[in-house]
Structure formats: C-alpha cells, structure tokens
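Both ligands and their constituent atoms are indexed starting at 1 by order of listing.
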Amino acid sequence: MKASKSIIFTIVYILLISISLVTSDSALDNFLQCLPKHSNASKPITDAIYTLNNSSFQSVLESSANNLRFLTASTPKPMAIIAALDESHIQATIICAKHYGFQIRTRSGGHDHEGLSYVSYVPFIILDLFNLRSIQIDLKSETAWVQTGATIGELYYRIAERSQVHGFPAGVCPTVGVGGHVSGGGYGPLMRKYGLTIDNVIDVQLIDVNGRILNRESMGEDVFWAINGGGGASFGVILSWKIILVRVPTKVTVFQVAMTLEQGATDIFYEWQQVAHKLPTDLFIRATPVGVTTSGNMTVQVAFIGQFLGQNQKLFQVMNASFPELGLKQSDCMEMSWIQSTVFWAGYKNGTPPEVLLNRTQNKFFYKVKSDYVKHTIPKTGLETLWKWMMKTADRNFLEMSPYGGRMAEISESETPFPHRAGNLYKIEYGVYWTKGSIQATKHYVKWSRRLHAAMAPYVSSSPREAFLNYRDLDIGSNGSNCTDFEVAEVYGAKYFKGNFLRLTRVKAMVDPHNFFKNEQSIPPFPSQN
Ligand SMILES: Cc1cc2nc3c(=O)[nH]c(=O)nc-3n(C[C@H](O)[C@H](O)[C@H](O)COP(=O)(O)OP(=O)(O)OC[C@H]3O[C@@H](n4cnc5c(N)ncnc54)[C@H](O)[C@@H]3O)c2cc1C
Ligand SMILES: *[C@@H]1O[C@H](CO)[C@@H](O)[C@H](O)[C@H]1NC(C)=O
Ligand SMILES: *[C@@H]1O[C@H](CO)[C@@H](O)[C@H](O)[C@H]1NC(C)=O
Ligand SMILES: *[C@@H]1O[C@H](CO)[C@@H](O)[C@H](O)[C@H]1NC(C)=O
Ligand SMILES: *[C@@H]1O[C@H](CO)[C@@H](O)[C@H](O)[C@H]1NC(C)=O
Ligand SMILES: *[C@@H]1O[C@H](CO)[C@@H](O)[C@H](O)[C@H]1NC(C)=O
Ligand SMILES: *[C@@H]1O[C@H](CO)[C@@H](O)[C@H](O)[C@H]1NC(C)=O
Ligand SMILES: *[C@@H]1O[C@H](CO)[C@@H](O)[C@H](O)[C@H]1NC(C)=O
Ligand SMILES: *[C@@H]1O[C@H](CO)[C@@H](O)[C@H](O)[C@H]1NC(C)=O
C-alpha cells in the first residue's frame with residue numbers, strides 16, 4: 001500500500017518535472033526568438049547569447065562568479081547568459097524576460113558575497129555586462145563616465161593614465177565591478193577624506209523595467225537617490241555612472257605594521273579604536289586582525305595598514321601627535337603615486353606595475369562574510385572574546401576594521417540610502433574562507449561565522465544591528481523562505497538602510513510596481529492600499 005503510493009507520487013513528480021522542463025524549454029526558445037526583435041539589428045544579439053548549447057557557456061558563467069560556494073554542480077544554472085554588446089541588448093533582455101516569465105540577474109563584477117548576480121532558485125537569465133566597460137575621462141570638468149561592466153581596477157588605471165593628481169574613492173579589490181560596488185555604497189582608503197563612492201556620483205544612465213533609458217533628470221531625484229546606495233538590482237539595470245574625480249597629491253605614503261597578541265596587539269588595537277576615527281582626514285589606518293598558527297601555537301596578528309595623502313615627514317608629525325603607541329618607523333613607510341598605492345592595497349608586491357589592475361582574472365575561494373558597526377570602544381574583555389573565536393579558524397579568517405569619521409560623519413543618514421554615518425567608530429568585516437568545498441567544510445565555516453557574529457552582539461550596534469549592503473549576508477532577515485515578503489524585507493531593510501528603507505520601497509513602487517527586478521534581498525514595492 002505504502003510502496004505503491006510512493007511509486008504513484010514518484011510518477012506524478014517526474015511528470016510534473018518534465019512538464020515544467022518542456023514549458024521552460026519552449027519559453028526559452030520564445031525568449032531567444034524575442035531578443036532580436038527588440039535589439040539594434042546592426043549589433044546582432046546572437047553574438048551575445050550563451051545557452052547550454054554553446055561550448056563557452058560554462059566558462060562565461062564561471063568567469064566572474066567570485067564565490068566558489070556558488071560554483072558547484074548543484075548550484076542552479078541560468079537558462080541563458082546575455083553578455084550585452086550594446087545597450088539595446090539590455091533593453092531586449094528586460095522586455096523579453098518579462099514577457100516570457102524569466103527573472104533577470106544583472107552581473108557586473110560578480111563579487112556579490114552571496115552570488116545573487118549569478119544564482120537564482122527560479123528560472124533565470126544572467127544579464128552580463130562585462131563587454132560594456134568603456135571609461136571616458138574628462139579632466140577639464142574633473143568627471144568621468146564609466147560603464148558598469150568596468151572593474152574598479154580598470155577605472156583607477158584609466159584615471160592615472162590621464163592624471164597624476166586625480167583619483168577616485170572606491171574599494172581595494174581591483175576586480176570588483178562598478179555596477180554592484182557603486183550602487184551598494186562603495187568605500188576604500190579615501191573614505192575619510194571624500195566619503196563613499198556614491199558621495200561622488202553626479203549622473204547615471206539606468207534602463208528601467210520598460211526598457212527606457214533614463215538619466216538623472218528624466219528619472220527624477222527619488223530614483224537617483226535610491227540607486228546610489230540602495231542597490232541597483234531592485235530598480236533596473238545601470239548602464240553607466242558619471243563620477244567626480246577627486247584630487248590626490250603626486251606622492252602618498254603607505255605603511256603596514258603588524259604585531260601578535262604576544263607583542264602587545266590588544267593594547268594597540270584598543271588605542272586604535274579611540275583614535276582612528278578622529279585622525280586628520282588625510283590619514284586612513286585600517287586594522288586587519290587574522291588568526292594565525294605559528295609553530296603549532298595559535299595567536300592573532302593585527303596588521304595596521306595605512307595611507308596618508310602626503311609625504312613621509314608630515315605623516316610622522318601626525319602619528320607622533322595622535323598615535324605614537326603604534327611606533328611607526330621610517331622603514332615601515334613607502335612614498336608612491338596614488339595609482340601605485342591602489343596596487344599596494346590590492347596586496348601586490350612593492351613595485352608591481354599598475355597594469356595588474358587591468359587583469360580581470362579573479363582569485364577565488366569559498367567564503368562567507370558578515371559585517372558590524374561599532375559605536376563604542378570594545379572593552380578588552382570583548383577583544384579577548386573576538387581573539388578566542390578567531391583562533392578557532394586560524395589561518396582561515398580575515399577581518400577588516402575600517403575607521404569612519406571625517407567626511408563620513410558630515411553626511412546625514414538620509415542623504416543617501418546608506419545610513420551608517422556619524423556616530424560610528426569603525427566598521428567590521430568578518431570573513432572566513434576555505435579551499436575545499438565539501439558540504440562539511442561549508443557547514444563548519446558558515447556556522448563559525450554565525451556564532452562569532454552572535455558572540456559579538458554585546459559590543460556592536462543594536463536596534464537595528466546594522467549591516468553593510470555590499471557585504472551581502474543572506475542570514476540577515478531571512479527565515480528560510482526565499483521570497484521577499486515585505487515583513488522579511490523590513491528586517492534586512494532596517495539593518496542595511498535604517499530609516500531609509502520605507503523611502504526605498506516607495507521609489508520601488510513607482511519604478512517597478514510589479515517587482516520584476518527581484519532577488520532574495522531586494523527592495524519590495526511599498527504595499528498598495530488594495
Ligand atoms: C574580494 C572582495 C573585495 C571587496 N572589497 C570591497 C571594498 O574594498 N569596498 C567595498 O565597498 N566593497 C568591497 N567588496 C564588496 C563589493 O563592493 C560588493 O560585493 C559589490 O556589490 C560587488 O560588485 P560587483 O559588480 O563586482 O558584483 P555583482 O555580483 O556583479 O553585483 C552585486 C549586486 O549588484 C547588482 N548589480 C551589478 N551590476 C548592476 C547593474 N549594472 N545594474 C543594476 N544592478 C547591478 C547585482 O545584480 C547584485 O545584486 C569586496 C568584495 C569582494 C568579493
Ligand atoms: C544601431 O546601431 C548603429 C551602429 O552603432 C547606430 O548608428 C544606430 O543609431 C543604432 N540604432 C538605434 C535605433 O539605436
Ligand atoms: C550560441 O549558440 C546559439 C545557437 O544555439 C547561437 O545562435 C549563438 O550565436 C551562439 N553564441 C555565441 C556567442 O556564439
Ligand atoms: C540546442 O541545440 C539543439 C540541437 O542542435 C536544438 O534542437 C536546440 O533548439 C538548441 N537550443 C537552443 C536554446 O539553441
Ligand atoms: C609555543 O608555546 C609553547 C608553550 O607555551 C612555548 O614553549 C613555545 O615557545 C611557543 N612557540 C612559539 C613559536 O611561540
Ligand atoms: C613627538 O612629540 C613630542 C611631544 O609630544 C616631541 O617632544 C617630539 O620632539 C616629537 N618627535 C618628533 C619626531 O616629532
Ligand atoms: C591575472 O591574474 C591571475 C589571477 O591572479 C593570474 O593567475 C594571471 O597570471 C594574471 N595574468 C597576468 C597576465 O598577469
Ligand atoms: C517567513 O516569514 C514570512 C513573513 O514573516 C512568512 O510569511 C513565511 O511563512 C515565513 N517562512 C518560513 C519558512 O518560516
Ligand atoms: C532557498 O535558497 C537556498 C540557497 O540560498 C536553497 O538551498 C533552498 O533550497 C531554497 N529554498 C526554497 C524553498 O526554495
């Protein structure tokens with residue numbers, strides 16, 4: 001009785017699966033046939049289409065997928081990848097995907113920590129932007145137009161090619177794409193002087209759910225506000241940003257000083273917490289603790305990595321006056337051009353030519369990341385707790401503490417959707433990576449990351465416990481279902497955006513009322529009255 005029931009179930013199940021495969025197969029055919037009708041005939045879209053039939057499908061899929069956790073055999077695959085060669089290919093992809101019921105995942109640099117730009121659990125198409133990456137620098141107006149398929153490394157390189165006294169405030173990993181990076185906030189060593197990337201964006205081109213190309217003027221200030229920090233993926237496809245280039249001196253100074261707990265790291269870190277956010281804005285000192293094993297003994301090593309927008313001598317005066325405890329020595333410091341400092345921050349050996357910034361090949365690991373905001377100095381007992389957790393995954397974790405203050409504290413919480421401004425001493429990134437992706441290893445490290453996050457609760461922001469959108473974390477506000485129910489969204493919305501969340505949902509209701517642009521942590525439309 002029981003056996004025959006389960007056989008019937010199995011048969012019905014197989015039937016259902018084959019029906020859905022047939023449906024999505026013909027839907028895919030229809031989708032593919034729809035594309036040329038909506039794109040510019042002089043730029044054949046067939047050159048941009050990759051399906052399972054194309055031998056290069058897998059390599060295109062993998063090329064910029066950064067987190068190996070989402071490159072496994074069981075990770076759901078897109079029905080097709082459209083690697084747009086022309087803006088009309090984006091328009092066609094949106095119109096046809098909407099018509100034939102596919103979700104779109106837009107991918108720029110593929111660094112989303114949870115793989116949201118290349119993984120979905122419903123039938124989906126990847127709209128890949130790597131072919132659209134022109135960068136036009138205009139030194140006269142000190143601005144640039146950057147297409148979102150560009151990486152920040154390419155952007156830095158193109159700026160420096162034209163000017164030794166201009167730079168741009170963005171992140172440290174050169175292969176990060178400007179599509180996700182900018183729309184999610186974007187920060188780096190120039191943050192205390194010039195703010196976030198979004199604080200330096202002045203115009204944009206966005207393709208909306210109807211395939212229209214909008215700029216700042218035609219989209220209006222609400223939409224422009226929303227996509228600069230609220231994540232682009234909820235509102236459309238960003239084609240390009242217009243940014244302000246910032247001034248940098250011809251020589252900057254960088255340094256790195258590292259010490260273990262045995263060498264007094266706790267005291268110096270404790271001091272760093274109190275001064276880093278108050279230092280002159282030309283100086284950015286990040287603390288990066290890692291758990292390490294040395295000759296079988298576990299400890300934590302804290303490296304203080306700094307950048308000063310000026311020369312050695314002045315840096316020493318500042319350090320002597322504000323942070324002598326670090327014991328910075330002449331031999332720790334290197335003067336170099338700003339572009340060379342971006343190579344330094346990317347972790348390359350001193351003297352590596354800046355052309356490495358153009359290398360789009362990514363270094364890949366399995367990883368999990370979380371974030372926190374610190375508003376009060378963490379007491380030494382709290383630091384002991386942190387160090388203890390870090391030793392449990394020694395040689396596998398990476399933490400970055402990035403000081404706020406300066407320009408960050410001058411901008412109001414509602415100026416952009418990114419709300420983490422005045423009142424923050426620093427932000428924590430907790431990262432853990434591994435190289436063998438067994439289910440057990442993944443479970444082990446993800447669990448460690450959740451337990452560490454729980455252990456840090458007494459020492460960090462609360463109500464809401466804030467988090468950084470660009471450090472995407474699906475543990476936040478998720479209760480196991482993958483739909484973006486409004487109540488679930490209110491939970492992650494408060495953490496990522498605080499009071500700006502509701503305004504984001506109203507903008508969403510205006511530009512994408514049927515919620516076509518959707519992912520596990522997108523902005524849902526503000527519920528309509530009926
Ligand atoms: C190794 C590493 C280092 C990092 N360092 C920094 C750092 O120093 N500073 C910092 O601020 N962040 C940093 N990040 C985080 C990074 O900024 C975010 O992961 C960012 O979202 C990545 O952008 P992307 O275009 O590469 O990612 P993607 O995965 O392509 O996109 C991320 C999200 O944005 C959406 N999206 C992408 N392009 C578009 C577009 N054109 N229009 C609409 N939506 C779009 C995607 O759909 C997805 O939801 C780092 C991440 C990694 C993995
Ligand atoms: C199509 O592309 C060609 C070549 O780039 C361009 O000249 C033309 O204006 C485009 N047509 C439309 C309708 O965008
Ligand atoms: C992929 O294959 C399809 C046919 O299956 C073809 O139309 C398309 O041009 C191919 N794409 C590329 C980029 O070669
Ligand atoms: C893939 O190739 C098969 C056989 O050549 C063909 O029948 C099918 O239509 C192709 N599918 C797509 C999506 O191009
Ligand atoms: C490791 O710890 C042992 C015991 O505390 C100590 O004797 C030894 O010197 C340590 N080794 C290193 C390299 O610190
Ligand atoms: C450091 O500051 C002290 C006073 O705070 C001063 O006496 C000393 O000369 C300074 N040293 C350097 C190298 O500037
Ligand atoms: C580009 O980067 C990858 C990954 O780090 C590396 O393996 C490769 O050698 C680099 N290519 C060049 C031309 O430098
Ligand atoms: C998740 O939360 C939403 C809203 O709070 C609820 O509707 C849904 O049933 C929950 N799902 C699960 C699996 O708990
Ligand atoms: C939700 O997504 C996760 C991966 O993030 C997946 O493992 C799970 O099966 C999905 N659940 C549902 C109900 O679709």
Side-chain angles (χ1 to χ4, degrees), residues 29 32 35-36 44-57 60 64-67 70 80-85 90 104-120 126-130 132 147-152 169-189 191 196-198 204-207 227 231-241 286 345-348 352-353 355-356 358-365 367 369 371 398 400 402 418 427 429 431 433 468-472 517-522:
D29 285 342
L32 295 173
L35 292 173
I45 194 168
T46 45
D47 294 347
I49 299 173
Y50 297 85
T51 67
L52 280 171
N53 277 8
N54 303 92
S55 55
S56 44
F57 175 82
V60 173
S64 72
N66 189 255
N67 192 340
F70 308 107
I81 302 169
I82 311 300
L85 293 155
I90 301 177
I104 290 183
R105 292 301 171 103
T106 304
R107 184 162 72 172
S108 165
H111 283 62
D112 191 284
H113 290 325
E114 299 278 13
L116 297 194
S117 59
Y118 53 96
V119 181
S120 176
I126 293 180
L127 177 56
D128 211 324
L129 299 172
F130 63 84
L132 297 175
Q147 284 190 315
T148 50
T151 63
I152 57 174
V172 300
C173 171
T175 51
V176 162
V178 305
H181 186 68
V182 179
S183 63
Y187 81 96
M191 156 174 72
L196 299 172
T197 309
I198 45 172
V204 67
Q205 282 187 298
L206 171 84
I207 306 190
I227 59 181
S234 299
F235 302 97
V237 177
I238 294 152
L239 184 57
S240 54
W241 305 103
R286 167 180 284 174
W345 279 106
Y348 289 101
T352 305
E355 279 68 30
V356 291
L358 302 176
N359 186 349
R360 291 176 66 103
T361 307
Q362 303 178 351
N363 293 314
K364 297 185 184 184
F365 306 96
Y367 61 85
V369 164
S371 58
F398 54 97
E400 284 182 1
S402 298
F418 175 101
K427 177 182 62 193
E429 174 186 33
Y433 72 97
F468 177 37
L469 178 63
N470 260 348
Y471 289 164
R472 175 99 57 202
F517 291 108
K518 182 173 173 177
N519 63 42
E520 287 79 350
Q521 285 190 337
S522 55

For ligand 1, which atoms sit closer than 4.0 Å to a heavy atom of [X]?
| X | result |
| --- | --- |
| N66 | 53 (C) |
| F468 | 11 (O) |
| R472 | 49 (O) |
| G232 | 43 (C), 44 (N) |
| G171 | 7 (C), 8 (O), 9 (N) |
| H113 | 51 (C), 52 (C), 53 (C) |
| G186 | 11 (O) |
| R107 | 30 (O) |

Ligand 3 atoms in contact with [X] (distance to a heavy atom under 4.0 Å):
| X | value |
| --- | --- |
| Y50 | 13 (C) |
| N53 | 5 (O) |
| D47 | 13 (C) |

Any side-chain donor near an acceptor of the partner, S117 and R105, under 3.5 Å
no
Say whether [X], considering both its backbone and side-chain N or O atoms, lies within less than 3.5 Å of an N or O atom on ligand 1.
| X | value |
| --- | --- |
| V172 | yes |
| Y471 | no |
| T175 | no |

Around atom 11 (N) of ligand 7, find the nearest protein heavy atom and jot down its residue, atom name and distance.
N359 ND2, 2.9 Å
Can you tell me the protein heavy atom closest to atom 22 (C) of ligand 1 and the distance?
H111 CB, 3.7 Å
Side chain, backbone, both or neither: which applies to L129 and ligand 1 if a contact is any heavy-atom pair less than 4.0 Å apart?
side chain
Using a heavy-atom cut-off of under 4.0 Å, does the side chain or the backbone of T106 touch ligand 1, or both, or neither?
both
From N54, I82, I81 - option closest to atom 1 (C) of ligand 3 by heavy atom
N54
Counting only heavy atoms on the protein side, is anything nearer than 4.0 Å to atom 14 (O) of ligand 7?
yes
Less than 4.0 Å between atom 4 (C) of ligand 7 and some protein heavy atom, yes or no?
yes
Give yes if a backbone or side-chain nitrogen or oxygen of A48 is under 3.5 Å from a nitrogen or oxygen of ligand 3, and no if not.
no
Could you establish whether Y367 and ligand 1 come within less than 4.0 Å of each other, counting only heavy atoms on the residue side?
yes
Does ligand 1 have an atom under 4.0 Å from some heavy atom of G236?
yes
Can an N or O of N363 be found at a distance shorter than 3.5 Å from an N or O of ligand 7?
yes
Would a line drawn from the ring center of Y367 to the ring center of F398 be shorter than 6.0 Å?
no
Looking at N67, T175, V176, which hits side-chain contact (heavy atoms from CB on, under 4.5 Å) with Q362?
T175
